[in-house]
Amino acid sequence: MITVLYFAGLKEKTGLDKEQLIFSGKTVKQLLEELQRKYEGLSDGIIQVAINEEYALPEDIIEEKDIIALIPPVSGG
Amino acid sequence: MITVLYFAGLKEKTGLDKEQLIFSGKTVKQLLEELQRKYEGLSDGIIQVAINEEYALPEDIIEEKDIIALIPPVSGG
Amino acid sequence: MKLFEIVETVIDPEPYRKAVLHASAGAVTVFTGHVREWTKGIRTIYLAYEAYIPMAEKKLAQIGKEIEEQWPNTKVAIAHRIGKLEISDIAVVIAVSSPHRKVAYEANEYAIERIKEIVPIWKKEIWENGQEWIGEQKQKPIVEGELK
Amino acid sequence: MKLFEIVETVIDPEPYRKAVLHASAGAVTVFTGHVREWTKGIRTIYLAYEAYIPMAEKKLAQIGKEIEEQWPNTKVAIAHRIGKLEISDIAVVIAVSSPHRKVAYEANEYAIERIKEIVPIWKKEIWENGQEWIGEQKQKPIVEGELK
């Protein structure tokens, strides 16, 4: 199981702040594709992904128990 | 009579923080020359002059009752 | 208080200024970002900030480390508030000390630019007739140094 | 407190920050200049500042006016302390608010540069083995705009 966190506009689009999924040994890119099929409108805009609180690349492999955050464009300050 | 104010190093060179002088109708430059004859070492470094709390030019005329400040290089901040 | 933190209550800038002070600090800059009433002709009623708190605090600390490595003898503290903020409330405070003033300005401005690039915090603007999550489109492609 | 003042007691920066805040201020920079222990390898014991007080306050106000004319919608407050100052004491505080952050940094840095050029304040450094009035050699020829 992995945990996926949703923030800001993505929370509103999915209706969730987090969920647990069976997904490991595959890439960040594959996870995003799967989630985009599941949630309409999720692909709008640039989404970055963090694995265990650090930014990840599309080709990085997601491991069992990872905490994945979907990060829409940030706007702090 | 005019009042002449001395600050910082100039106060130490003249031994005064202020003095009253009979001096009017003449220029800032003439006053400085007179004071430099009176106080040894007064001419070291750049001195600016203020008349009534505003910077003055060497050719500005000093009037009766003016308050003149001799301003060594500033170093605030 | 922590040197790099997300808070949910009113920010007082003074503790952050004091936290970066030391005997060879000749200059301290304290930047505070406030909720503005008007943005491009639209009146803001209030803002709502949200953060991925543990990652945001890590990224604030990373910015502090970047500064302390780039400009010797600087010290940095940063706090960002989340939740509902009213007009003039402080959203972010950045304190930077340095032996000399020029660096204190430069490094502080660097910090706010980096916050807007890499720290997972989001702002929702609530206007009289609507609301929107703001994305400043400032995110750059991920570069090597930012990877875990 | 006055927006532009010479003071003889400890400076608390907060009142100056608050004095420049208003509903369209999105950014405030507060610069504080502190007494440093070491300058070019020489250890300072304490500093003594002296000012031509009425003219110094006029010149601080002039700097505020220059900024508010050059950068629209900014607001400025400046205080400089005189007398004996110990290590880490605040000698000067400059608060600048602006709708946007870039100007808040730029205008604040302008203020400290101008203070070092035109405000009649003098600093004496007292070291372990001597003392000296400091002149930063930054004074420029007097230009028209600065005349009475």
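Keep in mind it's a predicted model, so treat the numbers as computed, not measured. We name chains A, B, ... by the order of the sequence lines, and we start the count at 1 in each one.
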D:Glu8 atom CD: more than 12 heavy-atom contacts under 6.0 Å: no
B:Lys11 and D:Glu50: CA distance, side-chain angles, deciding distance, side chain to side chain contact (heavy atoms under 4.5 Å, CB included) verdict: CA-CA 11 Å; B:Lys11 191 188 286 182; D:Glu50 183 182 324; 3.1 Å; yes
Min side-chain heavy-atom separation B:Pro72-D:Trp122 under 4.5 Å: yes
Shortest non-hydrogen contact between B:Ile71 and D:Pro120, atoms and distance: CD1-CB, 4.3 Å
Atom CD of B:Glu59 with >12 non-hydrogen neighbours under 6.0 angstrom: yes
Donor-acceptor under 3.5 Å (D:Lys58 side chain, B:Glu54 main chain): no
Side chain / backbone / both / neither for D:Ala51 at chain B, heavy atoms under 4.5 Å: backbone
Residue pair D:Val119 / B:Tyr55: nearest heavy atoms and the distance that separates them: N-OH, 4.3 Å
B:Tyr6 side, atom OH; D:Tyr52 side, atom OH - distance, nearest 0.5 Å: 13.0 Å
Heavy-atom pair of closest approach, residues D:Met55 and B:Ala50: SD-CB, 3.5 Å
Any donor-acceptor pair under 3.5 Å from D:His80 side chain to B:Gly77 backbone: yes
Non-hydrogen atoms of D:Tyr49 and B:Ser75 that approach each other most closely: CE2-O, 4.0 Å
Closest contact, heavy atoms only, D:Ile115 versus B:Val74: O-CG2, 4.3 Å
Basic-acidic side-chain contact under 4.0 Å: B:Glu53, D:Lys59: no
Neighbour count above 12 (heavy atom, 6.0 Å) for D:Lys102 NZ: no
D:Lys124 NZ to B:Glu12 CD distance, which is reported to the nearest 0.5 Å: 3.5 Å
Closest approach of D:Gly135 to B:Pro73 (non-hydrogen atoms, all atoms of both residues): CA-CB, 3.9 Å
